[in-house]
Student: 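Input: one structure, supplied below.
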Amino acid sequence: MAHGGGADVMACKQEEEEVENKAAWLLGIKTLKIQPYHLPPLGSLDVKVRIKALGICGSDVHHFKTMRCASFVVKKPMVIGHECAGIIEEVGSEVKSLAVGDRVALEPGISCRRCNLCKEGRYNLCPEMKFFGSPPTNGSLANKVVHPANLCFKLPDNVSLEEGAMCEPLSVGVHACRRAQIGPETNVLIMGAGPIGLITLLVSRAFGAPRVVIVDVDDRRLSIAKNLGADEIIHVSTNIQDVDEEVIKIQDAMGSGIDVSFDCVGYNKTMTTALNATQSGGKVCLIGLALTEMTVPLTPSAAREVDVIGIFRYRNTWPLCIKFLKSGKIDVKPLITHRFRFSQEEVEQAFETSAGGGNAIKVMFNL
């Protein structure tokens with residue numbers, strides 16, 4: 001009888017916890033609802049994290065507005081969000097590296113670790129990747145999540161939980177700068193002064209780029225880029241007919257050859273501009289994935305040995321991001337423009353704010 005009583009207490013405790021854990025579920029186009037979220041059991045190598053800070057990403061906005069992002073389609077209700085940090089509440093029996101109370105930033109993708117790409121260390125390309133908030137995997141805009149301990153990175157005392165959540169977008173910039181081999185002799189052009197363009201500016205600087213020119217159609221975004229340390233800002237049009245004269249303007253602003261161009265948008269015009277502006281023997285790195293197909297002048301670029309490289313998310317970036325934040329070499333705080341709480345009304349407001357663009361760069365939840 002006593003044994004049965006103990007089991008009842010356990011069941012009760014579990015039930016209370018499940019009632020307590022809520023998440024923001026994407027139920028349809030522009031339809032988000034805070035509802036209960038039952039967590040999977042804690043594995044021996046997992047930790048349970050109480051989420052404290054979460055940023056809205058461009059891909060979250062795509063899912064919110066259209067129920068899809070590139071080839072990822074939301075087919076059933078899904079918890080949204082992936083840029084996050086929190087405090088450890090429980091550790092699995094075999095976890096040695098972390099303890100209850102640790103503040104951590106979470107890397108959101110769980111790879112299979114068995115395929116050739118994983119074995120080669122290119123785990124970001126794993127075809128079996130389970131990534132927070134990318135269909136069909138539930139995300140992390142929730143009170144609590146369960147996640148592998150090896151994908152949770154302890155934050156130093158002088159790095160806030162909000163900055164910890166910013167390690168995710170920062171990782172995109174770090175991975176791009178590594179792929180493009182940015183260093184003290186690399187002059188950088190950035191197409192697009194949205195959140196990722198601005199982050200790529202900060203990371204290029206941290207990697208030692210001596211000169212960074214940034215281009216956009218929006219003057220407000222450009223003035224933010226100037227404040228964040230861009231050497232020159234250039235306002236361009238959306239008209240592809242203007243490419244030739246804009247390329248001359250961009251090259252003049254750089255004052256010497258453009259070694260690497262980052263296209264943080266991914267339109268015909270931005271990619272054409274990047275290819276034409278980059279000097280012979282340089283590189284163009286495509287970060288923004290706005291279009292599935294583009295028409296660009298590839299042959300003339302190939303004849304000038306301009307390399308085109310792509311990036312997908314990131315790999316092995318959190319330790320360096322945390323190092324940059326700890327040392328003050330990168331300050332992401334000015335990118336956080338709006339803050340919201342975790343309530344039904346504010347979740348809706350936050351996504352509308354982020355989707356609206358305008359002066360919103362990074363919209364952050366404080367849970």
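Counting from 1, the numbers follow the sequence of the chain as shown.
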Student: Would you say R178's side chain and Y314's backbone share a donor-acceptor pair under 3.5 angstrom?
Tutor: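 Judged by distance alone, no pair lies under 3.5 Å.
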
Student: So which atom in A24 and which in V347 form the shortest heavy-atom distance, rounded to 0.1 Å?
Tutor: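 Closest pair (atom of A24, atom of V347, distance): CB-CG1, 4.3 Å.
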
Student: Verify, without hydrogens or angle tests, whether T137 (side chain) and K130 (backbone) share a donor-acceptor contact under 3.5 angstrom.
Tutor: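 A pair under 3.5 Å: no.
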
Student: Would you say V79 and W25 make side-chain contact, with heavy atoms under 4.5 Å?
Tutor: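 With C-beta onward as the side chain, the pair touches.
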
Student: Starting at OG of S59, measure out to CZ of F131 and round the result to the nearest 0.5 Å.
Tutor: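 Atom-to-atom, S59:OG and F131:CZ are 7.0 Å apart.
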
Student: Within the 4.5 Å heavy-atom criterion, are D102 and V47 side-chain neighbours or not?
Tutor: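 They are not in contact (no side-chain heavy atoms under 4.5 Å apart), so the answer is no.
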
Student: Taking the side chain as every heavy atom from C-beta outward, state whether K48 and V146 have any pair of such atoms under 4.5 Å apart.
Tutor: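 Answer yes - side chains close enough.
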
Student: Report the C-alpha distance between L151 and W318 in whole Å, list the side-chain angles of each, state the deciding distance to 0.1 Å, and finish with yes or no for side chain to side chain contact (heavy atoms under 4.5 Å, CB included).
Tutor: CA-CA 9 Å; L151 294 172; W318 260 252; over 6 Å; no

Student: Hey, does the side chain of Y37 reach the backbone of S140 with a donor-acceptor pair shorter than 3.5 angstrom?
Tutor: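 Checked: no pair found.
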
Student: Please determine whether a side-chain nitrogen of the Lys or Arg among K269 and E246 lies less than 4.0 Å from a carboxylate oxygen of the Asp or Glu.
Tutor: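 So K269 pairs with E246 through a salt bridge.
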
Student: Enter the distance from R179:CZ to F262:CZ here, rounded to the nearest 0.5 Å.
Tutor: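 The CZ atom of F262 is 11.0 Å from CZ of R179, to the nearest 0.5 Å.
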
Student: Do you know which of R339, R103, K52 makes salt bridge (charged side-chain N to carboxylate O under 4.0 Å, His left out) with E162?
Tutor: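 Among the candidates, only R339 passes.
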
Student: List the atom of V73, the atom of P135, and the distance in Å for their closest heavy-atom pair.
Tutor: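 It is O-CB, 3.2 Å.
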
Student: What about V174 and L201, same hydrophobic cluster or not, with Ile/Leu/Val/Met/Phe/Trp/Tyr joined at side-chain heavy-atom distances under 4.5 Å?
Tutor: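 Both belong to a single hydrophobic cluster.
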
Student: If I take atom NE2 from residue H82 and atom CG from residue N138, how far apart are they, to the nearest 0.5 angstrom?
Tutor: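 Interatomic distance, H82 NE2 to N138 CG, rounded to 0.5 Å: 14.5 Å.
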
Student: Under a 4.0 Å threshold between the charged nitrogen and the carboxylate oxygen, would R114 count as salt-bridged to E128?
Tutor: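 Between R114 and E128 there is no salt bridge, as every charged N stays at least 4.0 Å from the carboxylate O atoms.
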
Student: Any donor and acceptor pair, going by atom type alone, linking the side chain of N21 with main-chain N or O of K144 inside 3.5 Å?
Tutor: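 Side chain of N21 to backbone of K144: a pair is present.
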
Student: If you measure from the Lys or Arg side-chain nitrogens to the Asp or Glu carboxylate oxygens, is any gap between R211 and E232 under 4.0 Å?
Tutor: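 Salt bridge flag = yes for E232 with R211.
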
Student: Charged N to carboxylate O under 4.0 angstrom, E20 versus R50?
Tutor: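 Counted as a salt bridge, because a side-chain N and a carboxylate O are separated by less than 4.0 Å.
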
Student: Got a donor-acceptor contact below 3.5 angstrom from the K154 side chain to the S97 backbone?
Tutor: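 No.
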
Student: May I have the step-by-step check of side chain to side chain contact (heavy atoms under 4.5 Å, CB included) for V332 and L325, ending in yes or no?
Tutor: CA-CA 8 Å; V332 290; L325 295 170; 3.7 Å; yes

Student: Any heavy-atom pair between the side chains of F324 and L202 that's under 4.5 Å?
Tutor: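 Sidechains of F324 and L202: no contact.
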
Student: For I56, does its backbone N or O pair with a side-chain atom of K362 as donor and acceptor, under 3.5 Å?
Tutor: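 Flag set: sc K362 to bb I56 pair under 3.5 Å.
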
Student: Would you say D157 has more than 12 foreign heavy atoms packed within less than 6.0 Å of its CG?
Tutor: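 It does not: D157 CG has 12 such atoms or fewer within range.
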
Student: Could you give the distance from CD1 (I330) to CG (L320), rounded to the nearest 0.5 Å?
Tutor: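 Spacing of CD1 (I330) from CG (L320) equals 7.5 Å.
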
Student: Scan side-chain atoms only and decide if E107 and N150 contain a donor-acceptor pair under the 3.5 Å cut-off.
Tutor: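 Distance-only check fails for E107 and N150.
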
Student: Quick check: closest heavy atoms across G139 and V145, and the distance to 0.1 Å?
Tutor: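 Scanning both residues completely, I find the closest heavy atoms to be O-CG1, 4.2 Å.
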
Student: How long is the gap from CG on L335 to CG on L170, to the nearest 0.5 Å?
Tutor: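 L335 CG to L170 CG: 9.0 Å, rounded to 0.5 Å.
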
Student: Can Y267 and L291 be said to form a side chain to side chain contact (heavy atoms under 4.5 Å, CB included), step by step?
Tutor: CA-CA 6 Å; Y267 284 130; L291 300 179; 3.7 Å; yes

Student: With a 4.5 Å cut-off on side-chain heavy-atom distances among I, L, V, M, F, W and Y, is there a chain of contacts connecting V49 to I87?
Tutor: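 Per the 4.5 Å side-chain linkage, V49 and I87 are not co-clustered.
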
Student: Are H147 and I110 close enough that some pair of their side-chain heavy atoms sits under 4.5 Å apart?
Tutor: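 Counting from C-beta outward, H147 and I110 do come under 4.5 Å.
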
Student: Assigning hydrophobic clusters by single linkage (Ile, Leu, Val, Met, Phe, Trp, Tyr; side-chain heavy-atom cutoff under 4.5 Å), is I190 placed with V247?
Tutor: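 Different clusters.
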
Student: What are the two closest heavy atoms between A225 and I233, and how far apart are they?
Tutor: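 Distance-wise, the nearest heavy atoms are CB-CG2, 4.2 Å.
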
Student: Can a donor-acceptor pair be found, under 3.5 Å and without considering hydrogens, that links the side chain of N124 to the backbone of R315?
Tutor: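 Not a single qualifying donor-acceptor pair exists.
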
Student: Answer yes or no: is there a donor N or O on one side and an acceptor on the other, between the side chain of R221 and the main chain of L198, under 3.5 Å?
Tutor: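 No; judged by distance alone, with no hydrogens or angles, the pair does not exist.
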
Student: Under 3.5 Å, is there a donor-acceptor pair between the T186 and D259 side chains?
Tutor: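 Distance-only check fails for T186 and D259.
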
Student: For residues M191 and S261, determine if any side-chain heavy atom of one lies less than 4.5 Å from a side-chain heavy atom of the other.
Tutor: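 They are not in side-chain contact.
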
Student: Counting only heavy atoms not in H62, do more than 12 fall under 6.0 Å of its NE2?
Tutor: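 No, the 6.0 Å shell around NE2 holds no more than 12 heavy atoms from other groups.
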
Student: Could you give the distance from CG (L27) to CD (Q35), rounded to the nearest 0.5 Å?
Tutor: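 With rounding to 0.5 Å, CG (L27) is 5.0 Å from CD (Q35).
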
Student: If the plane angle is over 60° it's perpendicular, under 30° parallel, otherwise tilted; pick one for F351 and F64.
Tutor: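 F351 and F64: tilted rings.
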
Student: How about I51 and F342: do any of their side-chain heavy atoms sit closer than 4.5 Å?
Tutor: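 No, their side chains stay 4.5 Å or more apart.
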
Student: Does the pair M67 and L26 meet the rule for a side chain to side chain contact (heavy atoms under 4.5 Å, CB included), with working shown?
Tutor: CA-CA 8 Å; M67 294 293 278; L26 181 63; 3.8 Å; yes

Student: According to a 4.5 Å side-chain heavy-atom criterion applied to Ile, Leu, Val, Met, Phe, Trp and Tyr, with indirect links allowed, do L222 and V265 form part of one hydrophobic cluster?
Tutor: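 The answer is no; the residues belong to distinct hydrophobic clusters.
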
Student: Shortest non-hydrogen contact from V159 to G164?
Tutor: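 That would be CG1-N, 4.3 Å.
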
Student: Are I322 and V104 connected in a single hydrophobic cluster, I mean Ile/Leu/Val/Met/Phe/Trp/Tyr linked by side-chain heavy atoms less than 4.5 Å apart?
Tutor: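 No, because V104 and I322 fall into different hydrophobic clusters, even though each may have its own neighbours under 4.5 Å.
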
Student: Indicate yes or no for a side-chain donor-acceptor contact from T66 to the backbone of H63 under 3.5 Å, with no hydrogens or angles considered.
Tutor: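 Looks like no, no N/O pair under 3.5 Å.
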
Student: I'd like to check I258 versus N187 (side-chain heavy atoms, cut-off strictly below 4.5 Å). Are they in contact?
Tutor: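 Contact flag for I258/N187 side chains = no.
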
Student: Is it the case that more than 12 heavy atoms not belonging to K226 sit under 6.0 Å from its NZ atom?
Tutor: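 Count over threshold, so yes.
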
Student: Counting only heavy atoms from other residues, nucleotides and ligands, does the tally under 6.0 Å from CD of E305 exceed 12?
Tutor: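 Not buried by this count: 12 neighbours or fewer within 6.0 Å.
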
Student: Over all heavy atoms of both residues, which pair between V284 and A274 is shortest? Give the atoms and the distance, please.
Tutor: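 Taking V284 first and A274 second, the nearest heavy atoms are CG2-O, 3.7 Å.
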
Student: Under a 3.5 Å distance rule, please check whether D242 uses its side chain to pair with a backbone N or O of S237 as donor and acceptor.
Tutor: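 Answer holds: no.
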
